[in-house]
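Heads up, the thing below is written out as structure tokens.
Remember, it's a predicted structure, so these values are computed and weren't measured experimentally.
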Amino acid sequence: MAVIAVEHLVKDYGNRRGCFDVSFHVNDGEVYGFLGPNGAGKTTAIRHMLGFLKPDKGSISINGKSTWEYAHELNASIGYIPGEINFPDKITGMELIKWMADMRGTKSLAKAKELLEFFELDPSGETKRMSKGMKQKVGIVCALMHDAQILILDEPTSGLDPLMQEKFVELIRNEQKAGRTVLMSSHMFPEVEKTCDRVGIIKQGEIMAEVAMNDITKSKNKIFKVKFETVGESQRIAREHRELDFAEINHDKNRIKIKVNDKDINNVTALISNYKIQYLTEEKLTLEDYFMKFYSSKNQVKGGK
């Protein structure tokens, strides 16, 4: 069952900025990754989900209700982290958390205190003196402390150090186990790989592809990294075998990456044996490899903020 449904969303700001015929859905209990660089259209789509914007065309619904018409009602069941967090001055982190709890009618701060401990955060200082990472942690606490069933998280780990990013991954896994539905926009491949069930890739306001993470991790495609003895050898194979699917060519380091399907492995390894190489290794196909099919300069697949 689709908890979040985006159908043919159009929001045109001009100069190819906005969203153009964007459609996707997020199922109950699913963690959905919304992947794209800054300016790809992620935040524009998310603001429609919160009812902050009215679409030029198309519709967005949560639990079957229009997010524009029922924004106030729906937001009570949503935990939201904005892409850019701005807090009022002259207020401490704890005062802000209590204020947000009062606004939502959250009677207990037990979950807030649990999250503060989880992220090792002391919220007693003034927000204006907090680092970006501390502000981000406060934003996460405010978004999750009322046990919302739907989490809409726009670049949620922005400003967090690597240790806290790993803690966040653990948190999202726990929230999914508790039955939450999560949409998470990001341009961080590792956190998406570790948390998401499915991923939508957006480019220039258009959905380029949707893929299940299992389809990537269990893909029959392989990547061979080959280091040749000389630059001349790496240049020769690139020149003589243009039919190969080169994922990367780095002649300065005598190295080439080749994408290979299971059924072609023997043919490709036999071909490589005709050249002088230092080593041949297999690399795991990653979400970043899949993503770059749509963003590399030589692979302009479809249109696509």
Does the distance from a Lys or Arg side-chain N to an Asp or Glu carboxylate O, for [X] and [Y], drop under 4.0 Å?
| X | Y | result |
| --- | --- | --- |
| R180 | E175 | yes |
| E283 | K225 | yes |
| E233 | R236 | yes |
| E120 | K137 | no |
| E206 | R16 | yes |

| Can you tell if the side chain of K132 reaches within under 4.5 Å of the side chain of K135, non-hydrogen atoms only? |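 Side chain of K132 against side chain of K135, heavy atoms only: no contact under 4.5 Å found.
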
Checking [X] side chain against [Y] main chain: does a donor-acceptor pair fall under 3.5 Å?
| X | Y | value |
| --- | --- | --- |
| N27 | E30 | no |
| S66 | W68 | yes |
| N250 | K253 | yes |
| T127 | P88 | yes |
| D289 | T286 | yes |
| S23 | H8 | yes |
| N15 | R17 | no |
| K42 | G36 | yes |
| K57 | F20 | no |
| T67 | S61 | no |

| request: Using the ring of F118 (Phe, Tyr or Trp, six-membered ring only), decide whether K167 places NZ or CZ under 6.0 Å from its centre and within 45 degrees of its axis. | output: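 K167 over F118 ring: yes.
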
| remark: Per side-chain contact (heavy atoms from CB on, under 4.5 Å), I81 is matched among I46, I140, D154 by I140

| said: Membership question, hydrophobic clusters at under 4.5 Å side-chain separation (ILVMFWY): are L9 and L74 in the same one? | reply: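 Yes, same cluster.
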
| message | Starting from V26, can I reach L144 by hopping between I/L/V/M/F/W/Y residues whose side chains sit under 4.5 Å apart? | response | no

| said: Applying ring pair (Phe, Tyr, Trp, His ring centres under 6.0 Å), can you list everything that pairs with F87, at least two apart in sequence or on another chain? | reply: none

In this structure, are over 12 heavy atoms from other groups packed under 6.0 Å from [X] atom [atom1]?
| X | atom1 | answer |
| --- | --- | --- |
| R239 | CZ | yes |
| K113 | NZ | no |
| F52 | CZ | yes |
| K98 | NZ | no |

Polar side chain donor-acceptor pair, [X] to [Y], under 3.5 angstrom:
| X | Y | answer |
| --- | --- | --- |
| D197 | Q176 | yes |
| S234 | H251 | yes |
| H187 | E155 | yes |

Can you list the residues that meet the side-chain hydrogen bond (donor to acceptor under 3.5 Å, both in side chains) rule with [X], with sequence neighbours excluded?
| X | answer |
| --- | --- |
| D12 | none |
| Q165 | none |
| E243 | H241 |

| query | Hey, what do you get for OH (Y275) to OG1 (T230), rounding to the nearest 0.5 Å? | reply |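 If we round to the nearest 0.5 Å, Y275:OH and T230:OG1 are 11.5 Å apart.
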
| query | Rounded to the nearest 0.5 Å, how far does CD of E191 lie from OG of S186? | reply | 3.5 Å

Output a table of donor-acceptor pairs, distance under 3.5 Å, between side-chain atoms of residues 208-216 and any protein atom two or more places apart or on a different chain; print 'none' if there are none.
{"from": "E210", "atom 1": "OE2", "to": "Y32", "atom 2": "OH", "distance (Å)": "2.5"}

| query | Can V199 and F291 be said to form a side-chain contact (heavy atoms from CB on, under 4.5 Å), step by step? | reply | CA-CA 10 Å; V199 178; F291 176 87; over 6 Å; no

Heavy atoms only: give me the nearest [X]-[Y] pair and the separation to one decimal.
| X | Y | value |
| --- | --- | --- |
| G139 | I85 | CA-CD1, 4.0 Å |
| N75 | R104 | O-NH1, 3.2 Å |
| A71 | G51 | CB-CA, 4.0 Å |

| query | Restricting to pairs with a member in residues 79-91, which pass side-chain hydrogen bond (donor to acceptor under 3.5 Å, both in side chains), not counting sequence neighbours? | reply | none

